[in-house]
Chemist: 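Take this structure, written in structure tokens, and hold onto it; I'll ask about it next.
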Number of protein chains: 2
Amino acid sequence: MKKTTTGKAGSRAKPVDTRSLQMADIARMAGVSVSTVSRALSGSALISEKTRTRVEDLARTLNYAVNIGAQNLRLKQNRTIAVVVPYDRSTRQHVSEPFFLSMLGSLADAITDRGYDMLLSRVDADELHAVSKLVRSGRANGIIMIGQWRHHDQLNELAANDFPIVVWGAQLPRQLYCSVGSDNLEGGRLATRHLIASGRKRLVFFGDVDFPEAAMRFEGFKRAHADAGLRVRSELCIKVDFTAESAREATQRLLLSGHSFDGLFACSDLMAVTAINTLAENGHVVPDEVAVVGYDDIELSRHFRPGLTTIRQPLEQAGIALVDSLLAVLDGRQPLPTVLEPVLVERATCVVGAKPPTVAQRGAPGA
Amino acid sequence: MKKTTTGKAGSRAKPVDTRSLQMADIARMAGVSVSTVSRALSGSALISEKTRTRVEDLARTLNYAVNIGAQNLRLKQNRTIAVVVPYDRSTRQHVSEPFFLSMLGSLADAITDRGYDMLLSRVDADELHAVSKLVRSGRANGIIMIGQWRHHDQLNELAANDFPIVVWGAQLPRQLYCSVGSDNLEGGRLATRHLIASGRKRLVFFGDVDFPEAAMRFEGFKRAHADAGLRVRSELCIKVDFTAESAREATQRLLLSGHSFDGLFACSDLMAVTAINTLAENGHVVPDEVAVVGYDDIELSRHFRPGLTTIRQPLEQAGIALVDSLLAVLDGRQPLPTVLEPVLVERATCVVGAKPPTVAQRGAPGA
DNA sequence: ATGAAAGCGCTAACAC
DNA sequence: GTGTTAGCGCTTTCAT
């Protein structure tokens, strides 16, 4: 990092004049009272057309904008929604995970469209109760929480106190808060059914069932097996957390274990992609030897080679559903959880109707 | 999307009780005055240890939090920084572009670390002046603007009025605002030099020089040619905007044009990846026939196959520099623009010391 | 060490 | 139609 010399001169201390225009100023200049200005600017019907235009013109010319803080204080409102991304030290789950970031974009749009502001806040997952402060302190009206969470009880406790929160995630039994999520069971089933339909029989599962989402996907994995009259091989069900490193290790361990397999369902695209790369480095060809289905359909998956077959979560809809549900909660209603339908996106890593798996091809070592 | 029936019952209209605790309540319960509570909670030295603990305990027990809105109004402050992402209809540049999103993560961290709140705001690029309202209305103290912008003059106009804004982007001549950006000229030069060093001589440039960043990278492209005694082939310099579609079209046109080339420098990783895929679909092997260097080092590039050689922008540093610069501006100082050094990340698509390009290999058609 | 009172910039009765 | 007045929930003189 270097500082250049081009640009403005050093640092003359010249405090920014923050004493901006106020309503009183406009009032004085227009020769009316403050309330008249207030009314004129808020489109009250009690104001004469003449005064209104005079005030409006003045305001526009002087570049005046109503002070939202004061307005909110007076109105006891604050059109702000806080989006909270729990920050998990242990998992090192980070805001820059592709999936989170797509979700953020979708939320930003939905929130903006409804005339609200979006506060982005990261809180330590172990300090989750801190989110309530955002609302108690009047910083935001309500909270949208995103993230793999194993915080069911904390959330329930918040919701029990009528705390305005909506969370992205699985719908759980005895849940007091409103959730929006995709149907993870169905997603897991779709993925697994597709693997089976492509002729695979010995399927690996990658995921951390401590997370409700992953647990549901695993459930779908099992159901699909049952539907097809296949049995789940427990030695192929591996606990992998949501990091690339974990997926890499798991894949290596799996290869070393000697268990044979011809298909893999991973609970995130990042896992899937990492597994594919690790397989490739060890001379195994995807999808010829091992078919793979991921989850999320992040940007990456479309550009990855071979194109990743995956389960897409409808994020646009998710953003909208989250925001609308929160607004309903704020309105004193109790919206039902929303379950979005995941869709299978078939690309190259698992194709139905293609040739069946080959145990060893192109003289690939191992397997 | 379907509504499930599990979960809470329908919608009993039961307005959330927003009349939360106030300082007056604490005061009454503690048997002291409001001012005492205020002082106790803000750690004033004039309060007896006994009163302080009593008040603090009470506040903690009752889950009281000071109303930030009122506090800010009184203090004429608001520890909030708005991050603005211009939304460009024509380019369809979207918040979910991987690069923007990484930047957001980095900013969220930097802002949070400094005890500020981050407001995320998208504004139509054609309504750029709207950002000033964020500050005039007291919603935020200052603005950090991210995004490919061709809005130099508008920004200068804002800055001329002492408007607290810092922008991510190239440093331009006669610039009145503070910018933070990577050295795009150097980045372009690094990329091009690497291509040349790997033995390539007929280089393609993909980018839209209407954007200052891309223009500078192109400048670096030209310099590297000059340094190596090569000439830039104008028929290989193609205007491509920051979308995958545009890159795909450009690549196809390029192939149809019949011009031969053995290297490609793309102004974003997304362009690069798309170009590589399009080349592959047409039977051209990267990097054997065409070496490719991208720009940004987004997540994708690490997982893409073959690994994308690219120029990394140091986003962590960028976030920090942006925030610190803005805070300096808010403090009445005039920070100098920051120029971050880009670094070359060598992966597989352009490797120095590898075998020289082959015009046709593995019986690839065309070329 | 504590309290009373004024006021941050705005809105909304309530008068006229 | 417009002005007067009383707060929204807090901090901070200025008294005591």
Side-chain angles (χ1 to χ4, degrees), chain A residues 17-56 58-59 62-80 133-141, chain B residues 17-56 58-59 62-80 133-141:
Chain A
D17 182 15
T18 183
R19 281 219 50 72
S20 59
L21 229 41
Q22 308 194 179
M23 232 174 222
D25 301 316
I26 308 286
R28 198 177 326 111
M29 306 182 77
V32 295
S33 77
V34 199
S35 11
T36 303
V37 176
S38 173
R39 287 193 267 252
L41 258 32
S42 65
S44 157
L46 316 138
I47 296 290
S48 79
E49 210 42 54
K50 195 164 127 264
T51 342
R52 151 162 303 123
T53 46
R54 186 149 40 95
V55 170
E56 279 177 342
L58 217 42
L62 299 178
N63 239 317
Y64 168 76
V66 174
N67 180 315
I68 305 280
Q71 189 180 57
N72 283 341
L73 178 58
R74 179 63 231 235
L75 261 32
K76 290 163 158 293
Q77 58 152 33
N78 72 19
R79 313 207 86 206
T80 303
K133 190 169 178 186
L134 285 167
V135 172
R136 294 194 330 258
S137 67
R139 225 183 272 266
N141 275 350
Chain B
D17 182 16
T18 183
R19 281 220 49 74
S20 59
L21 227 44
Q22 308 196 176
M23 230 173 225
D25 301 317
I26 308 287
R28 197 177 326 108
M29 306 181 79
V32 294
S33 76
V34 202
S35 1
T36 302
V37 176
S38 172
R39 285 193 268 252
L41 259 31
S42 65
S44 157
L46 315 137
I47 297 291
S48 78
E49 210 42 52
K50 193 165 129 264
T51 335
R52 151 161 304 120
T53 46
R54 185 151 39 97
V55 171
E56 278 176 343
L58 215 43
L62 299 177
N63 238 318
Y64 169 76
V66 175
N67 180 314
I68 305 280
Q71 189 180 57
N72 282 341
L73 178 57
R74 178 62 230 233
L75 261 33
K76 291 162 161 290
Q77 57 152 34
N78 71 19
R79 314 208 80 199
T80 303
K133 191 170 178 185
L134 285 167
V135 171
R136 291 190 337 251
S137 68
R139 225 182 271 267
N141 281 110

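Just so we're on the same page: letters track the sequence lines, and every chain starts at 1. The shown structure was predicted, so the numbers you read here are calculated from the model rather than taken from an experiment.
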Chemist: If you look at every strand shown and take non-hydrogen atoms under 4.0 Å, does B/Leu75 touch a base, only sugar-phosphate, or nothing?
Modeler: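 Sugar-phosphate contact only.
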Chemist: Would you say C/dT11 has OP1 or OP2 under 4.0 Å from some side-chain N or O of A/Lys76?
Modeler: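 It does not, given that no N or O in the side chain of A/Lys76 lies less than 4.0 Å from OP1 or OP2 of C/dT11.
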Chemist: Rounded to whole angstrom units, what separation is found between the CZ atom of A/Arg39 and the P atom of C/dA15?
Modeler: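 Between P of C/dA15 and CZ of A/Arg39: 14 Å.
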Chemist: Are OP1 or OP2 of C/dA4 and a side-chain N or O of B/Ser33 less than 4.0 angstrom apart?
Modeler: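 False: B/Ser33 side-chain N/O out of range (4.0 Å or more) of C/dA4 OP1/OP2.
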Chemist: Are OP1 or OP2 of D/dT2 and a side-chain N or O of A/Thr36 less than 4.0 angstrom apart?
Modeler: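 Negative; the distance criterion is not met.
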Chemist: When you measure from the side chain of B/Arg74, which nucleotide among C/dT11, D/dG9, D/dT11 comes out closest?
Modeler: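 Of the candidates, D/dT11 comes closest.
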Chemist: If only side-chain N and O atoms of A/Ser48 are considered, is one of them under 4.0 Å from the OP1 or OP2 phosphate oxygen of D/dT2?
Modeler: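 Result: yes.
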Chemist: OP1, OP2 of C/dG9 versus side-chain N and O of A/Gln71: anything below 4.0 Å?
Modeler: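 No, A/Gln71 has no side-chain N/O under 4.0 Å of OP1/OP2 on C/dG9.
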Chemist: Could you please name the option among D/dG1, D/dT11, D/dC8 that lies closest to any side-chain atom of B/Met23?
Modeler: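 The answer is D/dT11.
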Chemist: Could you check if a side-chain atom of B/Met23 sits within less than 4.5 angstrom of a side-chain atom of B/Val66, using non-hydrogen atoms only?
Modeler: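 SC-SC contact between B/Met23 and B/Val66 confirmed.
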Chemist: Please report, rounded to the nearest Å, how far the P atom of C/dG9 is from the CD1 atom of A/Ile26.
Modeler: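 After rounding, the reported distance stands at 14 Å.
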Chemist: When the distance from CG of A/Asn72 to C1' of C/dC8 is rounded to whole Å, what number comes out?
Modeler: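 Distance check: A/Asn72 CG to C/dC8 C1' gives 14 Å.
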Chemist: Would you say B/Arg52's side chain and B/Ser44's backbone share a donor-acceptor pair under 3.5 angstrom?
Modeler: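 At least one qualifying donor-acceptor pair exists.
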Chemist: What is the distance, to the nearest angstrom, from the CD1 atom on B/Ile68 to the P atom on C/dG9?
Modeler: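 Computing the B/Ile68:CD1 to C/dG9:P distance gives 18 Å.
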Chemist: Look at B/Lys50 and C/dA1 and indicate whether a side-chain polar atom (N or O) is within less than 4.0 Å of OP1 or OP2.
Modeler: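 For C/dA1, OP1/OP2 do not have a side-chain N/O of B/Lys50 under 4.0 Å.
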Chemist: Is A/Ser42 touching bases, backbone alone, or none of the nucleic acid, heavy atoms closer than 4.0 Å?
Modeler: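 Result for A/Ser42 = nothing.
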Chemist: Just how far, in rounded Å, is P of D/dC10 from CG of A/Asn78?
Modeler: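 From A/Asn78 CG to D/dC10 P: 14 Å.
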Chemist: Take the protein atom CG of B/Leu73 and the nucleotide atom P of D/dG7, then report the distance between them rounded to whole Å.
Modeler: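 Between P of D/dG7 and CG of B/Leu73: 17 Å.
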Chemist: Please pick, from C/dG3, D/dT11, C/dC10, the nucleotide with the shortest atom-to-atom distance to any side-chain atom of B/Val66.
Modeler: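 Closest of the options to the side chain of B/Val66: D/dT11.
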Chemist: Keeping the roles fixed (side chain from A/Arg139, backbone from B/Ile68), state whether a donor-acceptor pair exists under 3.5 Å.
Modeler: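 No, the answer is negative, given that no donor and acceptor are paired below the 3.5 Å cut-off.
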Chemist: Which one, D/dC8, D/dG3, C/dG7, comes nearest to the side chain of B/Gln22?
Modeler: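 It is D/dC8.
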Chemist: Given D/dG9, D/dT4, C/dT2, which nucleotide is nearest the side-chain atoms of B/Asn67?
Modeler: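 So the nucleotide nearest the side chain must be D/dG9.
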Chemist: Given D/dT11, C/dC10, C/dT2, which nucleotide is nearest the side-chain atoms of A/Tyr64?
Modeler: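 Within the option list, the nearest is C/dC10.
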Chemist: Starting at atom CG of B/Leu41, determine the distance to atom P of D/dT12, rounded to an integer number of angstrom.
Modeler: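 One finds 13 Å between P of D/dT12 and CG of B/Leu41, rounded.
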Chemist: Can you tell me how far C1' of D/dT12 sits from CD1 of B/Ile47, to the nearest Å?
Modeler: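 For the pair B/Ile47 CD1 and D/dT12 C1', the rounded distance is 12 Å.
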Chemist: Less than 4.5 Å apart, any side-chain heavy atom of A/Tyr64 and any of A/Asp25?
Modeler: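 Contact flag for A/Tyr64/A/Asp25 side chains = no.
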Chemist: Let me know, please, whether A/Ala45 or A/Ser35 comes out on the 5' side of the other along DNA chain D by nearest nucleotide.
Modeler: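 Its nearest nucleotide lies further toward 5', so the answer is A/Ala45.
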Chemist: Quick check: any donor-acceptor pair below 3.5 Å linking the side-chain of A/Arg52 to the base of D/dG1?
Modeler: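 Side chain to base: no pair below 3.5 Å.
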Chemist: Could you tell me whether the side chain of A/Asn78 reaches within less than 4.5 Å of the side chain of A/Asn141, counting heavy atoms only?
Modeler: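 A/Asn141 reaches A/Asn78 side chain to side chain.
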Chemist: Measure the shortest side-chain to side-chain distance between A/Leu21 and A/Asn63 over non-hydrogen atoms and say whether it is less than 4.5 angstrom.
Modeler: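 SC-SC contact between A/Leu21 and A/Asn63 ruled out.
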Chemist: Identify whether any heavy atom of A/Leu46 sits under 4.0 Å from a base atom; if not, whether one sits that close to sugar-phosphate; answer base, sugar-phosphate or nothing.
Modeler: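 It contacts base atoms.
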